[in-house]
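Following: one structure in structure tokens, then a few remarks.
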There are 2 protein chains.
Amino acid sequence: MPLDERKKRILKAITHDYINTAEPVGSRTIARRYSLGVSSATIRNEMADLEEDGYLEQPHTSAGRIPSDKGFRFFVDALMDPKELSTEEIRQIHIALRGHRQMEDIVHESVRMLAFLSQYTAVVVAPNISYGVIRCLQLIPLDESNVLLVLVVDPGFAHSRIVETTRPLRPQEASRINYFFERKLSGMMLADIGSSLVGEMREEVTDEALMSEALNLLARGLRNIKQEQVYLDGTIHLLNQPEFRDLNKVKVLLNVLDDEKILWRILNDALAQSGRQVTIGSENLHEGFQECSLVTASYELDGQVIGSVGVIGPTRMDYERVVAVVEGIACSLSTLLSDSMRH
Amino acid sequence: MPLDERKKRILKAITHDYINTAEPVGSRTIARRYSLGVSSATIRNEMADLEEDGYLEQPHTSAGRIPSDKGFRFFVDALMDPKELSTEEIRQIHIALRGHRQMEDIVHESVRMLAFLSQYTAVVVAPNISYGVIRCLQLIPLDESNVLLVLVVDPGFAHSRIVETTRPLRPQEASRINYFFERKLSGMMLADIGSSLVGEMREEVTDEALMSEALNLLARGLRNIKQEQVYLDGTIHLLNQPEFRDLNKVKVLLNVLDDEKILWRILNDALAQSGRQVTIGSENLHEGFQECSLVTASYELDGQVIGSVGVIGPTRMDYERVVAVVEGIACSLSTLLSDSMRH
DNA sequence: AATTAGCACTCACTTAGGTGGAGTGCTAAC
DNA sequence: GTTAGCACTCCACCTAAGTGAGTGCTAATT
């Protein structure tokens, strides 16, 4: 049965109060603090109903109620009014992000900003470099046994790796290869460099041994470039949450946050569909994450999802605020990236 | 008055016991666990003397004794026998570090290894890129308004930054500049590129406007390259220490560890002189660090200190082990870097 | 003179019992 | 359907007594 209007208002009030105080909420508190026009006894009856339906739970008899995961879910889906970011905050975000031209810096700044504005722990997954457009790909001979692989990918990636060679690469050879790379590869994506393209390149070139060596170097250099890096910031904010006064919980969580792979998986799970997404408590299947919530949003380039940003906090987090912040940052990232592509 | 032999043995026993148990040590415990050939009453008398001299302190009457900072200092300087790393561990370190050619990776691996082997929090300061030898410095035009600055510095740095130009840089111009850069700059240090050298370069070249733009780009690109980065790992290990069961202490410490600048300053303070160094508790002047100890060692290239590694733990840390680990990593880094230079 | 056994004393830590208060559920009146 | 009133529940906090590890001192022993 769907909740009637009054039950919704009571559930909303309880949720707000619990988010603010982190304490179980009693009927009298609601009656006093929120003017719902009914007495505490009435609220008490409604609360009993809400508990029966699974929206609330009681830590113990004679304590107040707290929203269950189901309660928070309903709050997020149907009750909350996301707070808009202030224009000042939006300005801050733009200023912070606009100052950088390289992806690492942009993402790093984003995650800092996200943690700062939300006051929770923030995560950002950088775009997968494989789906960016190659703008520059060169081999620069350093000495007899080393060359430098230089790679610029739009948007914003500039990487260079030292790669060992089996035989010296002479300058003329390098420039031949670079010219060839530019003709064949610029404008493509790294992901496109499959075996068919490699075969095609092999055929087209006269000096097959040289090209083979070059492709080998390319492959080895690319292997070392991190694909989808996860950036993390604001871990300390977790310690300020009363639910993490227990050191063991903190330890479990920090262990998860320290493991880039797990983090990446969690973020990706949450990003199966694009757009904003909220995962609440037990909805999260990851060990040690059941007492957390995760708010994520994806950012895009040319209508294509290329990465995601997220905030991790206790289930009791301030969803109205966090949703706004997460969406704000994701949106700023999208516009910033598409702007930087256009120029 | 210097300590007699028996007092030393008692102080050493107490320190060992306290390092292992984190509990105040009583006279009977010492008599039982360490066969010093005297009764607990004698030890009691000696302990009273040691307390009087400031080597021990008592949390409260009727508790056991714990070493004071002065006691730990004496232990570190005169009593302890640093444990050697096992050959297996040395092998592990070498394998872990040898696999990498770029400084970021080497340092990252070092700090991981250090945290893993010590089971405390580890810090490594990467070498200052300014004092490495320039092997390659190039400008690569990307489009009308961007060039890529590519910089390879020995040992192990390969950086590239996108820099905005005020006017397009044509390929021929770029290669003239690169040729010039190579002739003038390779083999030098970034730190050497002072105004005198810049002036010299200005004079030598025909197209002054071009060179001026190039130097401008160079300066702007270099400004964005991180100078001496601090790497951190094993923060979680702190939470396993009983002295950090208090969340507030943890928070204070994490705040310090989160601030790269503070960390860098602490590491550098400790590195005024080269070689291994131990800073114990109150010897450390930094806010919130008075309950910690820091073991550092520097690593070198061509007899020149270029960076440092360190371990942060409670004053009660296992100095005998940690000193060995820190020195082991520092030494491995030194040999690895000088090897990679020689080839 | 140094060492040791013995003993009274101290003080944190644990346990149990007692109290207050916030909150509930139920019932009867409105 | 709503509300006032009341008995009941249970946590959180406090206090008091008991426990035990450890000390300092003294007197006896080597």
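Letters A, B, ... mirror the listed sequences (proteins, then strands); counts begin at 1. Everything numeric in this text was worked out from a predicted model, so none of it was measured.
- Comparing D:dG24, C:dT24, C:dT4 against the side chain of A:M47 picks out C:dT24 as the nearest.
- The CZ atom of B:R44 sits 18 Å away from the P atom of C:dA2 (whole-angstrom rounding).
- The distance from atom CZ of B:R32 to atom P of D:dG22 is 8 Å, rounded to the nearest whole Å.
- When rounded to the nearest whole Å, the span between CG of B:L50 and P of D:dT23 equals 12 Å.
- No option in B:V295, B:I312, B:N284 other than B:N284 meets the side chain to side chain contact (heavy atoms under 4.5 Å, CB included) test with B:T279.
- Looking at A:R316 and A:E243, a side-chain N of the basic residue comes within less than 4.0 Å of a carboxylate O on the acidic one, giving a salt bridge.
- One can place CD of A:E5 at 18 Å from P of D:dG1, the figure rounded to the nearest angstrom.
- For A:T42, taking side-chain heavy atoms from C-beta onward, the closest of the listed nucleotides C:dA12, D:dT2, C:dT3 is D:dT2.
- Contacts of B:A41 with the nucleic acid, taken as non-hydrogen atoms under 4.0 Å apart, include base atoms.
- Distance B:D17 CG to D:dG22 P: 10 Å, rounded to the nearest Å.
- Side-chain contact between A:T121 and A:D233 is absent, with no heavy-atom pair separated by less than 4.5 Å.
- Per the geometry, CG belonging to B:N45 stands 9 Å off C1' belonging to C:dT3, to the nearest Å.
- Contact annotation for A:S27: backbone-only contact, meaning every heavy-atom pair under 4.0 Å involves sugar-phosphate atoms and none involves a base.
- In this structure, the CD atom of B:Q58 is 11 Å from the C1' atom of C:dC11, given to the nearest Å.
- At least one side-chain nitrogen or oxygen of B:T29 sits closer than 4.0 Å to the OP1 or OP2 atom of D:dG22.
- Rounded to whole Å, the distance from CD on B:E52 to C1' on D:dT23 is 15 Å.
- You'll find that the side chain of B:R65 is closest to D:dT23, out of D:dT23, D:dT3, C:dG25.
- Ion pairing between a basic and an acidic side chain is recognised when a charged N comes within 4.0 Å of a carboxylate O; A:D77 and A:R73 show such pairing.
- Summary of the strand contacts: B:S62 and A:T61 both lie near DNA chain D, and taking for each the nucleotide with the nearest heavy atom, the more 5' one is attributed to A:T61.
- By the 4.5 Å heavy-atom criterion applied to side chains, A:K12 and A:D81 are counted as neighbours.
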